[in-house]
Colleague: 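I have a structure I would like to understand better, so I am pasting it below and will then ask my questions one at a time.
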Amino acid sequence: MIKRSFGRFLRRSGLDLLSPSILLLIAVFVLPLVLLFPTSLHPYIPGQGIGDAWTLENYVAILTDPFYLEIIARTLGLGLFVVVATLVVGYPLAYFLARTRSALRPWLIILVVFPLLLNLVVRSFGWIVLLSNYGLVNETLAWIGLIEEPLQLMFNFTGLIIGLSHIFLPFMVLVLIGTIQGIPQEVEDAAYTLGASKLTVLRKVTLPLSVPGILSGAILVFVLTISALVTPRLLGGRPIR
């Protein structure tokens, strides 16, 4: 009886459709963390490795050591900055691609996706060529006469935000395109008929209805940013001497 009731609950709630995904998530994400947790309760002994004693010092260090706290704050702050940058740049682009009826639309979407086909290291080195002290950006600004000394665009937060925003922008745009396409055009047309301006329609109709896509894109970009390794090392590490 209990088994049949539980089966009906799964079917009515839709959890039976999610069960394969949930099992996969448990197998590849939750289970490794559970297996790793006991290791985190052992001390690390230099020259020997993981000790046999049990301790909470590892967790205390994360919560109290200024070094770890600064790293956590910088990582989370970088993730938030990149999310804002990709959203500000990506939303207008996604809206245009979702609403345009131009024959060039498929090619424009290919241009958005194309950077994902390039190796991450290649894209990072491309930004080094652009942002270095004698790179294309600084040389162009100096040639125009806007600057006399090169701008420090690398090995700092600025270079990281620029590089990571470019790398993860396609993810934000692709998520937003699907969301905006799901908003009926008739809803916006009705707002125009009632006398609303384009800015009002965007602020009171399109943006609120696209919040789920904004949240999905923000979470995706944030997770990818805080877990990035290669680009922060190349664009935010110490200068190569």
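Heavy-atom basis, side chains included; hydrogens, waters and symmetry copies ignored. The structure displayed is predicted, hence computed values, not measured ones.
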Colleague: CG of N119: more than 12 outside heavy atoms within 6.0 angstrom?
Modeller: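 Result for CG/N119: enclosed.
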Colleague: Whether the side chain of Q181 engages the backbone of I183 through a donor-acceptor N/O pair (distance < 3.5 Å, no angle test) should be reported.
Modeller: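 Absent.
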Colleague: Go through the side-chain N and O atoms of T86 and S165 and say whether any donor and acceptor fall under 3.5 Å apart.
Modeller: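 Per modelled atom types, T86 and S165 side chains form no pair under 3.5 Å.
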Colleague: Testing V112, L111, I180 for side chain to side chain contact (heavy atoms under 4.5 Å, CB included) with L97, which one passes?
Modeller: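 Exactly one candidate clears the test, V112.
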Colleague: Would L234 and I128 satisfy side-chain contact (heavy atoms from CB on, under 4.5 Å), going step by step from the backbone distance to the final call?
Modeller: CA-CA 8 Å; L234 293 176; I128 292 177; 4.2 Å; yes
Colleague: How about CZ on F125, more than 12 heavy atoms from neighbouring residues, nucleotides or ligands closer than 6.0 Å, or not?
Modeller: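 Atom CZ in F125 is not packed in, count stays at 12 or less.
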Colleague: With the side chain counted from C-beta on, respond yes when N133 and Q152 share a heavy-atom pair under 4.5 Å apart, and no when they do not.
Modeller: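 Answer yes - side chains close enough.
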Colleague: I'd like to know whether CD of Q185 has more than 12 heavy-atom contacts from other residues, nucleotides or ligands below 6.0 angstrom.
Modeller: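 Result for CD/Q185: enclosed.
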Colleague: Any side-chain donor-acceptor pair under 3.5 Å between S210 and Y91?
Modeller: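 Side-chain D/A pair, S210 to Y91: present.
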Colleague: Within the side chain of N138, is there an N or O that forms a donor-acceptor pair under 3.5 Å with the backbone of L151?
Modeller: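 Looks like yes, one N/O pair under 3.5 Å.
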Colleague: Is there a path of hydrophobic side-chain contacts, each under 4.5 Å between heavy atoms, that joins I167 and F157?
Modeller: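 Yes, I167 connects to F157 through the hydrophobic network.
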Colleague: From L174 CG over to L220 CG, what is the distance, rounded to the nearest 0.5 angstrom?
Modeller: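 Answer for the CG-CG pair, L174 versus L220, is 9.5 Å.
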Colleague: CD of E57: more than 12 outside heavy atoms within 6.0 angstrom?
Modeller: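 Counting neighbours around CD of E57, 12 or fewer heavy atoms of other residues, nucleotides or ligands fall under 6.0 Å, so no.
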Colleague: Just wondering, do L69 and P66 contact through their side chains at under 4.5 Å, heavy atoms?
Modeller: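 P66 does not reach L69 side chain to side chain.
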Colleague: Nearest 0.5 Å, what's the CD-OG1 distance between E188 and T193?
Modeller: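 With rounding to 0.5 Å, CD (E188) is 11.5 Å from OG1 (T193).
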Colleague: State whether the side chain of N58 and the backbone N or O of A61 hold a donor-acceptor pair below 3.5 Å, judged by distance alone.
Modeller: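 Looks like no, no N/O pair under 3.5 Å.
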Colleague: Passes side-chain contact (heavy atoms from CB on, under 4.5 Å), W127 versus I162? Steps please.
Modeller: CA-CA 9 Å; W127 278 110; I162 294 174; 3.5 Å; yes
Colleague: Check whether T179 reaches the backbone of V175 with its side chain - one donor and one acceptor, N or O, closer than 3.5 Å.
Modeller: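 Here the side-chain-to-backbone pair exists.
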Colleague: Say whether L169 and L118 are linked into one hydrophobic cluster, either directly or through other cluster members, by side-chain heavy-atom distances under 4.5 angstrom.
Modeller: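 Different hydrophobic clusters.
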Colleague: What closest approach, in Å, do A196 and Y192 show between heavy atoms, and which atom pair accounts for it?
Modeller: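 Scanning both residues completely, I find the closest heavy atoms to be O-CD2, 3.5 Å.
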Colleague: Using side-chain contact (heavy atoms from CB on, under 4.5 Å), reason through L153 and V137 one step at a time and then give a plain yes or no.
Modeller: CA-CA 9 Å; L153 299 176; V137 174; 3.8 Å; yes
Colleague: Do T225 and V83 come close enough that some side-chain heavy atom pair is under 4.5 Å?
Modeller: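 No, side chains not in contact.
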Colleague: Could you tell me whether F222 atom CZ has more than 12 heavy atoms of other residues or ligands within 6.0 Å of it?
Modeller: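 It does: F222 CZ has more than 12 such atoms within range.
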Colleague: What do the steps show when you test I62 against I72 for side-chain contact (heavy atoms from CB on, under 4.5 Å), and what is the final call?
Modeller: CA-CA 9 Å; I62 292 177; I72 294 172; 4.0 Å; yes
Colleague: For residues Y95 and T206, determine if any side-chain heavy atom of one lies less than 4.5 Å from a side-chain heavy atom of the other.
Modeller: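 A side-chain contact under 4.5 Å exists here.
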Colleague: Measuring only between side-chain heavy atoms, which start at C-beta, is L116 closer than 4.5 Å to F171?
Modeller: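 A side-chain contact under 4.5 Å exists here.
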Colleague: Which heavy atom of S197 sits nearest to which heavy atom of T200, and what is that distance?
Modeller: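 Closest approach of S197 to T200: OG-OG1, 2.9 Å.
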Colleague: Please say yes or no: joined through hydrophobic side-chain contacts below 4.5 Å, possibly via intermediate residues, are L146 and L131 part of one cluster?
Modeller: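 Both belong to a single hydrophobic cluster.
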Colleague: Are any non-hydrogen side-chain atoms of L176 and L87 less than 4.5 angstrom apart?
Modeller: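 Contact flag for L176/L87 side chains = yes.
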Colleague: Rounded at 0.5 Å granularity, tell me how far CG in L76 sits from CD1 in I71.
Modeller: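 Answer for the CG-CD1 pair, L76 versus I71, is 11.5 Å.
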Colleague: As an exercise, state the distance from CZ of R105 to CZ of R99, rounded to the nearest 0.5 Å.
Modeller: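 The CZ atom of R105 sits 10.5 Å away from the CZ atom of R99.
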Colleague: Do H42 and W54 have side-chain N/O donor and acceptor atoms under 3.5 Å apart?
Modeller: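 Note: H42 and W54 side chains miss the donor-acceptor criterion.
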Colleague: Taking F81 as the starting point, is it possible to reach V223 by hopping between hydrophobic residues whose side chains are less than 4.5 Å apart?
Modeller: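 As far as the 4.5 Å side-chain criterion goes, F81 and V223 are not connected within one cluster.
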Colleague: Would you name the heavy atoms of P232 and L160 that are closest together and state the gap between them?
Modeller: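 Looking at all heavy atoms of both residues, the shortest contact is CA-CD2, 3.2 Å.
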Colleague: Mark yes when over 12 heavy atoms from residues, nucleotides or ligands other than R74 sit less than 6.0 Å from its CZ; otherwise mark no.
Modeller: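 Atom CZ in R74 is not crowded, with 12 or fewer foreign heavy atoms closer than 6.0 Å.
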Colleague: Measure the spacing between NE2 of H166 and OG1 of T231 and express it to the nearest 0.5 Å.
Modeller: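 H166 NE2 to T231 OG1: 10.5 Å, rounded to 0.5 Å.
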Colleague: Do L136 and F155 sit in the same hydrophobic cluster, where Ile, Leu, Val, Met, Phe, Trp and Tyr count as joined when their side-chain heavy atoms come under 4.5 Å apart?
Modeller: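 Linked, L136 and F155 end up in one cluster.
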Colleague: Where do F168 and A228 come nearest, in terms of heavy atoms and distance?
Modeller: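 Between these two residues, the closest heavy atoms are CZ-CB, 4.4 Å.
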Colleague: Below 4.5 Å, heavy atoms only, C-beta onward: do L207 and I214 meet side chain to side chain?
Modeller: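 L207 vs I214: side chains touch.
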Colleague: If we only count heavy atoms from C-beta on, is the P170 to V113 side-chain gap below 4.5 Å?
Modeller: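 Side-chain contact under 4.5 Å: no.
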Colleague: Between F37 and Y59, how do the two ring planes meet: parallel, tilted or perpendicular, split at 30° and 60°?
Modeller: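 It falls in the tilted class, 30° to 60°.
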Colleague: Quick one: CG on L164 to CZ on R123, what's the gap to the nearest 0.5 Å?
Modeller: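 Rounded to the nearest 0.5 Å, the CG-CZ separation comes out at 10.5 Å.
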